[in-house]
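In what follows, residues are counted from 1 in the order of the sequence shown. As a basis for the values below, the full set of heavy atoms in this structure was taken, side chains included, without hydrogen atoms, waters or symmetry mates.
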Amino acid sequence: MSGGEAGRSTSEEPWPVRVVSQKVGAWIARLGWVWVDGQVAQISRRPGASTVFLTLRDPSADLSLTVTTNRDVLDAGAPELREGARVVLHAKPEFYAARGTLSLRADEIRQVGLGELLARLEKLKKLLAAEGLFDRNRKRRPPFLPGRIGLITGRASAAERDVLTNARRRWPAVEFRTVNVAVQGPSAVPQIVDALKVLDADPTIDVIILARGGGSIEDLLPFSDEALCRAVFACRTPVVSAIGHETDAPLVDYVADVRASTPTDAAKRIVPDLTEEVRLIGQARSRLERAVRNLVDRESHRLDLLRSRPVLARPQVMVDQRAAEVAALRDRTGRCLDHRLGAAGDDLRHTLARLRALSPAATLDRGYAIVQRADGHVVRAAAEVAKGDPLRVRLADGELTATVDG
């Protein structure tokens, strides 16, 4: 009963378990006959018994149902039926009230053929491509040298041996965390999905390799499962798909970040070759040494050229040249100054001679005299004075006073 029905009234009488079981069985009986698609997980044929028991599993979910059928029905529809095969059967759901279990009773079984499988895979491929699961832009590049690699493969399989052997041969220090799972059959998809979740949650894992050897299309069918493809797409850690041979192309190859043609190729793609890297480092060091040596030689040659120049070979020559230039300039300056001083002296003497020639004292020396009135006015004519005016007479040596008589 639902919570709402249980909360309506506490006065209703509870149903016995057998009544609930009978009602569930009656409701399931009304479903009638249905077509069911699934993968055979187990076949149980008891010697001498006409009834065959099958365990039918949904490859995209962790769910299975028991199927009972007649041996004649199985021999007529799928005589070569094996575990892991895909089938479509016509069955009626039945609920066993005594055990509370649900099963299917089949009256027709058809094994899904290869053509139908390929058509369904192509349809799923188009669906996943339309949703962007194959988009190259979202694919991540694994690290150059992963610190730790997660490996999902079958236990003691050739694929596991190829990956581990080739990876350790290329880089002996590489570390692996291996999770062994079923790589075919009805339990393969759930185990692989769980392993992906475990490794993706491990922070020490840098890349995850999904490896399996070759096989038929039916054997590789789990690696084209929609649930597995979506689990790989949801991984945060880069995933490398190494399923089957180069010609095999399950859908997980298109979803993975890197597709390797074989498990051996996956080891070569993920782990660098130590010998090759040492060789490349040696080449790089040699190129670097040559470049440094050439640079040093070139700069040494330039230094030799600079040292060979006279200015550096005999640096005192430059000082001597500059000292000679300074001495010459000093001599020129001295001569120029002497010349100018001599010319200025001559000009001064000539000016002094002219001044002396034009000086009144020189005239007085020749016997002339200067007559002045009392007010200092120089008398140039007799009419400028009158009888009795006092006069001052300046001579070359001294002066006289006189009075005008007439």
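- Note that the CG atom of D257 and the CZ atom of R141 stand 11.5 Å from one another [nearest 0.5 Å].
- Here the CG-CZ distance, from L400 to R392, works out to 11.5 Å after rounding to the nearest 0.5 Å.
- Residues R168 and V174 have side chains in contact (heavy-atom distance under 4.5 Å, counting atoms from C-beta outward).
- Using a 4.5 Å heavy-atom cutoff, the side chains of V87 and L54 are not in contact.
- Within the 4.5 Å cutoff, side-chain heavy atoms of R169 are placed close to those of N166.
- Counting only heavy atoms from C-beta outward, the side chains of F176 and L164 approach each other to under 4.5 Å.
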Would T66 and T101 count as a side-chain contact (heavy atoms from CB on, under 4.5 Å) if you check the C-alpha gap in whole Å, the side-chain angles of each, and the deciding distance to 0.1 Å?
-> CA-CA 9 Å; T66 300; T101 58; over 6 Å; no
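- I152 contributes atom CD1, which lies 5.5 Å from atom CG of L210 (distance to the nearest 0.5 angstrom).
- Between R269 and D265 there is a salt bridge, since a side-chain N of the basic residue sits under 4.0 Å from a carboxylate O of the acidic one.
- Heavy-atom minimum distance, R170 versus K268: NH2-O, 3.4 Å.
- In this structure, OG1 in T69 is found 7.5 Å from CG in D107, a value given to the nearest 0.5 Å.
- Nearest approach of G32 to P93, heavy atoms of both residues: O-CD, 3.1 Å.
- The nearest pair of heavy atoms linking V189 to A227 is CG1-CB, 4.4 Å.
- Side-chain N/O atoms of R57 and Q39 include no donor and acceptor closer than 3.5 Å.
- Residues L196 and C235 have side chains in contact (heavy-atom distance under 4.5 Å, counting atoms from C-beta outward).
- Within the model, atoms CZ of F53 and CD of Q42 stand 11.5 Å from one another, a figure rounded to the nearest 0.5 Å.
- Taking the six-membered ring where the residue is Trp, W33 and H90 present parallel rings, their angle staying beneath 30° rather than reaching 60°.
- In plain terms, the two heavy atoms of A256 and V232 that are nearest each other are CA-CG1, 4.0 Å.
- Using a 4.5 Å cut-off on side-chain heavy atoms (C-beta onward), V258 and P142 make contact.
- Closest approach of C229 and V255 over heavy atoms only: O-CG1, 3.4 Å.
- V278 pairs with exactly one of T275, L274, L280, I281 by the side chain to side chain contact (heavy atoms under 4.5 Å, CB included) rule, that one being L274.
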Apply side-chain hydrogen bond (donor to acceptor under 3.5 Å, both in side chains) to R330 and T333, showing your working.
-> CA-CA 5 Å; R330 290 180 61 186; T333 302; over 6 Å; no
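- Taking OG1 from T262 and CD1 from I243, the interatomic distance works out to 11.0 Å, rounded to the nearest 0.5 Å.
- The two residues A211 and V163 make their nearest non-hydrogen contact at CB-CG2, 4.2 Å.
- Put simply, the side chain of K92 gets close to the backbone of A29: a donor and an acceptor are under 3.5 Å apart.
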